[in-house]
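To start, the structure under review is shown below, and the notes come after it.
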Number of protein chains: 2
Amino acid sequence: MNDGEAPDLRTRHKQATREAIGAAALRLAIEQGPNGLALVRVNDIAAAAGVSPRTYNNYFSSREEAICAFQADRARRLGAALRSRPAEEPLDQAITAAVVGHFTTPEPDRAGLRMIMSTPELEGEALKAFTMAEGPLAEAIAERTGTDPARDLFPQVTAAAVAGAVRVAGRCWLSPGNTDPFAAVLRRALAHVLPATRSDGPHEPPRETQG
Amino acid sequence: MNDGEAPDLRTRHKQATREAIGAAALRLAIEQGPNGLALVRVNDIAAAAGVSPRTYNNYFSSREEAICAFQADRARRLGAALRSRPAEEPLDQAITAAVVGHFTTPEPDRAGLRMIMSTPELEGEALKAFTMAEGPLAEAIAERTGTDPARDLFPQVTAAAVAGAVRVAGRCWLSPGNTDPFAAVLRRALAHVLPATRSDGPHEPPRETQG
DNA sequence: CCCACAATTTGCGCACCACGCATCAAATGC
DNA sequence: GCATTTGATGCGTGGTGCGCAAATTGTGGG
C-alpha cells in the first residue's frame, strides 16, 4: 500500500515545505479570484509559506505549477489506486471504484477546483497533471487486462478517456445549479466511456438527467 | 462550408503575419531540438518572421503558444469538420471520418509533431489546444444526437474521449518502428472509444496489433 | 559529544520576457 | 483626396526563472 516506509526527516521536511508552498499559492490564488492571477506575486507566495522566494523557485518553476501541485500529486497516484483494487473485479468496476475513491477522499475543495477550472492558465496546468496520470493508469490497465501497451492502443486510449471523463465531471460538478455529490457525477461521466472496456454484452448508454 | 467570405486585406495580412510567426517559431524550435527550447529566443522568432519583437508579442503571449499555434488553429476547427458530415451518417462513422479527414489533410509534419509531443512545455500547450477543441466538438455532437449538453454528460465526455484518442494516436504514430499512416492509427484509436456512442449492437473491442 | 560530510536554504545578480503607453504608417470608408 | 480606424514599432518597467556561491541545518562515524 505504502511504498518506502521510513521517511527521512529531511525528506519529510522537504515534503512539508512543498505542500506548504502549494497550499499558500492556492490560498492566495483563491483570494485574488480567477481574474487576478497576475496579482499573485512570487514574493507573496513565499512569504505566506514562510520561505524565501528563491526557495519557492527551487520547488516550482511557475506559479501555476505551485497552485496546481496538490491536484498534480493526487492525479499522479491514480495508477496506484487502480492497482490496489482486487484483481477479480471487472475492469470497468475497478476503474470506477478506484477513480471515485481516489478523487473523493476527501471531497475536493470546491473553491480551489473552481479557481483552477475557471482560469485558463491554471486549467492548462491541471491538464498537464491529468495527462501525467495517464501513463501510470495505462500501465495499470495493461497489467490488469494482460495487454501489451506497445502493441495495443487500448490501455492508453482508455486511460485518456478516463482522465477526460474525470475532467468533464469536475466541470459539471462545479457548474452552478448542480447538487449531486462529486462521486455521483464521476460515475455518470465514467459510465459513458467505460462500456467500451467490456466485450461481453450490449450497452445501453445511460441517458441520465442532471439538475 | 466557408463562413465569412470577403477576407479584408487587413485581416488577410494579419492572418499571414500570425502564420509566419507561428511557422518561424516552430521551425526554430525544431532546429534547437526538444531540449533546447530555452534557446529559442523571442528575438530570433521575430527576426525569422520578419517582424519586430513587440509585434510577435502582440500575437502570442508565450513562445509555446506561438510554436503550437498551427496545431491549435487546426484543433479549433474540429467541431466544424464534424458538422460538415452528412446528418444521416451514424455518429461514430461521422466522428471517425471528420477526425481522420481533419488531421490528415495534409499529412501532419512528423518533425513538428514530434518536437511538440516530446517537449513537456509544448505538450502542455498542445493539450490546451486539444481541450479548446472539445467545446465545439461537444456542441456538434450534441446537435447531431439531439442531446442537451446541460442535462447529459454524453457530448462532453465523448468529445474529451475523442480528443484523448487523437492525442494517443499521435504519440503512437510518432513512436519509433511505426510504419502505419496516421489515418490508420487514428482509426484504431478511435475504435476503442467510439463503441460507447452506439447502442444498437454488441461491440467486439478491436484487438489490433501494431509494429 | 564532537566532527566531517551531505543536503537545503538563502541572497545576489543576470538575462529574458510580457505588457502598457505613445507614436507612426498603412488601409479603409466617405 | 481626407479623416479615421487599425495594426506595427520602440521604449520603459515590473516581474520571473535560474545559475552561483555562502550560510544553515540534518546525518553518520569516531
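Residue numbers start from 1 in every chain, and the chains themselves are labelled A, B, ... in the order their sequence lines are given, proteins ahead of strands. The basis for the numbers below is simple: all heavy atoms, side chains too, and nothing from hydrogens, waters or symmetry mates.
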5' priority, DNA chain C, between B:Arg41 and B:Leu9 [closest heavy atom]: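 Nearest nucleotide further toward 5': that of B:Arg41.
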
In whole angstrom, give the distance that lies between atom [atom1] of [X] and atom [atom2] of [N].
X       : N      : atom1 : atom2 : value
B:Asn43 : C:dC17 : CG    : P     : 7 Å
B:Glu64 : C:dC17 : CD    : P     : 10 Å
B:Asn58 : D:dG10 : CG    : C1'   : 13 Å
B:Gln15 : D:dG7  : CD    : P     : 13 Å
B:Arg12 : C:dT28 : CZ    : P     : 8 Å
A:Arg18 : C:dT8  : CZ    : C1'   : 16 Å
B:Arg63 : C:dC16 : CZ    : C1'   : 8 Å
A:Asn57 : C:dG11 : CG    : P     : 14 Å

Of B:Leu186, B:Asn178, B:Asp180, the residue whose pairing with B:Phe182 passes side-chain contact (heavy atoms from CB on, under 4.5 Å):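 Considering B:Leu186, B:Asn178, B:Asp180, a side-chain contact (heavy atoms from CB on, under 4.5 Å) with B:Phe182 is found only for B:Leu186.
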
Positive for side-chain contact (heavy atoms from CB on, under 4.5 Å) with A:Arg144, one of A:Arg85, A:Glu139, A:Arg83: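 Among A:Arg85, A:Glu139, A:Arg83, the one meeting side-chain contact (heavy atoms from CB on, under 4.5 Å) with A:Arg144 is A:Arg85.
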
Sugar-phosphate, base or nothing in reach of B:Tyr56, heavy atoms under 4.0 Å: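 Result for B:Tyr56 = sugar-phosphate.
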
Any A:Tyr59 side-chain nitrogen or oxygen under 4.0 Å from OP1 or OP2 of C:dT9: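 Checking C:dT9 against A:Tyr59, a side-chain N or O does come within under 4.0 Å of OP1 or OP2.
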
B:Thr55 side chain near D:dG7 phosphate (N/O to OP1/OP2, under 4.0 Å):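 Looking at the OP1 and OP2 atoms of D:dG7, neither is under 4.0 Å from any side-chain N or O of B:Thr55.
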
5' precedence on DNA chain D between A:Val40 and B:Ser52 (nearest-nucleotide basis):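 Going by which nucleotide is closer to the 5' end, it is B:Ser52.
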
Flag, side chain of B:Thr55 to backbone of B:Val51, donor-acceptor distance under 3.5 Å: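 Such a contact is absent between B:Thr55 side chain and B:Val51 backbone.
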
Base D:dT5 paired with B:Arg10 side chain (donor-acceptor, <3.5 Å):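 A donor-acceptor contact between them is present.
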
Check: A:Arg54 side chain, C:dG11 base, donor-acceptor under 3.5 Å: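 Answer yes: a donor N or O sits under 3.5 Å from an acceptor.
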
Cation-aromatic face contact B:Arg114/B:Trp173, 6.0 Å, 45 degrees: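 Judged by the rule, B:Arg114 and B:Trp173 form no cation-pi pair.
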
Check: A:Glu123/A:Thr119 side-chain N/O donor and acceptor closer than 3.5 Å: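 A:Glu123 vs A:Thr119: no donor-acceptor pair found between side chains.
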
Among C:dA18, C:dA27, D:dT9, the one nearest B:Val51 by side-chain distance: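 For the B:Val51 side chain, the nearest candidate turns out to be D:dT9.
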
